[in-house]
Amino acid sequence: MMAEHGSPCDAQEATYCMNGGTCYKIHSMNTLSCVCNDNYKGSRCEQFQLFSSSSKAGEAGLIAAVIIVALLILVVLVFVIYYVRKMLKAKRQSQQKNQQQYWRVKPRV
């Protein structure tokens, strides 16, 4: 790769690259350059790049989005069921209260 355009650095310059990167001296630009090992990037191989186990990252994102939407729908459904049951219970109690008052005999004074 880089060896075609430069030569390996000497022992003193070899420490320029971090994390086991290979140092090359580019003579035309009078600068040092690095060829990084796997999972490292940057001009001096200073940044760790997390490795992705999924070659189909788009599918993983789609699956995550579907799961999130399904959970949101489930939460909304739970709240709707809760409020419907609460309203039915209040209506039933109201009807029972009205029935009790209807059948109650008022004392004569």
Side-chain angles (χ1 to χ4, degrees):
M1 275 172 82
M2 196 62 83
E4 298 170 4
H5 302 288
S7 59
C9 297
D10 60 20
Q12 193 175 28
E13 297 168 332
T15 58
Y16 175 77
C17 298
M18 301 175 170
N19 300 310
T22 306
C23 179
Y24 289 96
K25 185 183 288 188
I26 301 174
H27 298 288
S28 61
M29 296 179 11
N30 196 23
T31 185
L32 300 177
S33 181
C34 298
V35 175
C36 303
N37 290 333
D38 292 340
N39 298 333
Y40 289 97
K41 65 180 183 176
S43 61
R44 296 182 62 194
C45 306
E46 72 276 8
Q47 298 172 357
F48 181 70
Q49 182 176 358
L50 290 176
F51 135 94
S52 174
S53 62
S54 173
S55 62
K56 300 176 183 177
E59 285 183 20
L62 180 64
I63 291 170
V66 167
I67 290 172
I68 290 171
V69 169
L71 287 174
L72 288 174
I73 290 172
L74 184 65
V75 168
V76 169
L77 188 62
V78 165
F79 277 114
V80 167
I81 291 171
Y82 171 77
Y83 282 112
V84 167
R85 288 182 53 100
K86 186 176 178 181
M87 288 173 42
L88 289 175
K89 184 178 179 183
K91 186 177 179 181
R92 210 176 307 128
Q93 286 177 349
S94 165
Q95 287 175 349
Q96 287 176 354
K97 187 176 181 181
N98 288 340
Q99 286 177 353
Q100 287 174 354
Q101 290 176 356
Y102 180 74
W103 291 106
R104 178 179 281 172
V105 177
K106 295 181 182 178
R108 290 187 179 180
V109 181

Novice: Answer with yes or no whether the hydrophobic clustering places F79 together with L71; edges join I, L, V, M, F, W, Y residues whose side-chain heavy atoms lie under 4.5 Å apart.
Specialist: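 The answer is no; the residues belong to distinct hydrophobic clusters.
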
Novice: How long is the span from the CG atom in N30 to the NZ atom in K25, to the nearest 0.5 Å?
Specialist: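 Spacing of CG (N30) from NZ (K25) equals 7.5 Å.
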
Novice: For residues L88 and V80: do they belong to one hydrophobic cluster (side chain heavy atoms under 4.5 Å, members Ile, Leu, Val, Met, Phe, Trp, Tyr)?
Specialist: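 L88 clusters together with V80.
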
Novice: Rounded to the nearest 0.5 Å, what separates atom CD in Q47 from atom NZ in K41?
Specialist: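 Between Q47 CD and K41 NZ, I get 5.5 Å after rounding to 0.5 Å.
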
Novice: Is there a path of hydrophobic side-chain contacts, each under 4.5 Å between heavy atoms, that joins V75 and Y82?
Specialist: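 Same hydrophobic cluster.
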
Novice: Using a 4.5 Å cut-off on heavy atoms from C-beta on, say whether the side chain of V76 contacts that of L72.
Specialist: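 Answer no - side chains too far apart.
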
Novice: I need the minimum non-hydrogen distance between C45 and N19, along with the two atoms involved.
Specialist: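 What the structure gives for the nearest pair is O-ND2, 2.7 Å.
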
Novice: Should the SG-SG distance of C34 and C17 be recorded as below 2.5 Å?
Specialist: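 Yes, the SG atoms sit under 2.5 Å apart.
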
Novice: Going by heavy atoms in the side chains, are Y24 and S7 under 4.5 Å from each other?
Specialist: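 When only atoms from C-beta onward are counted, S7 and Y24 do not touch, as no gap falls below 4.5 Å.
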
Novice: Should we say atom CG of D10 is surrounded by more than 12 heavy atoms from elsewhere, each under 6.0 Å from it?
Specialist: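 It does: D10 CG has more than 12 such atoms within range.
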
Novice: Heavy atoms only: give me the nearest C23-Y16 pair and the separation to one decimal.
Specialist: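 Heavy-atom minimum between the residues: SG-CB, 4.3 Å.
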
Novice: Checking side chain to side chain contact (heavy atoms under 4.5 Å, CB included) between C9 and each of T22, T15, L32, which is the one that passes?
Specialist: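 So, applying the side chain to side chain contact (heavy atoms under 4.5 Å, CB included) to C9 and each of T22, T15, L32, only L32 qualifies.
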
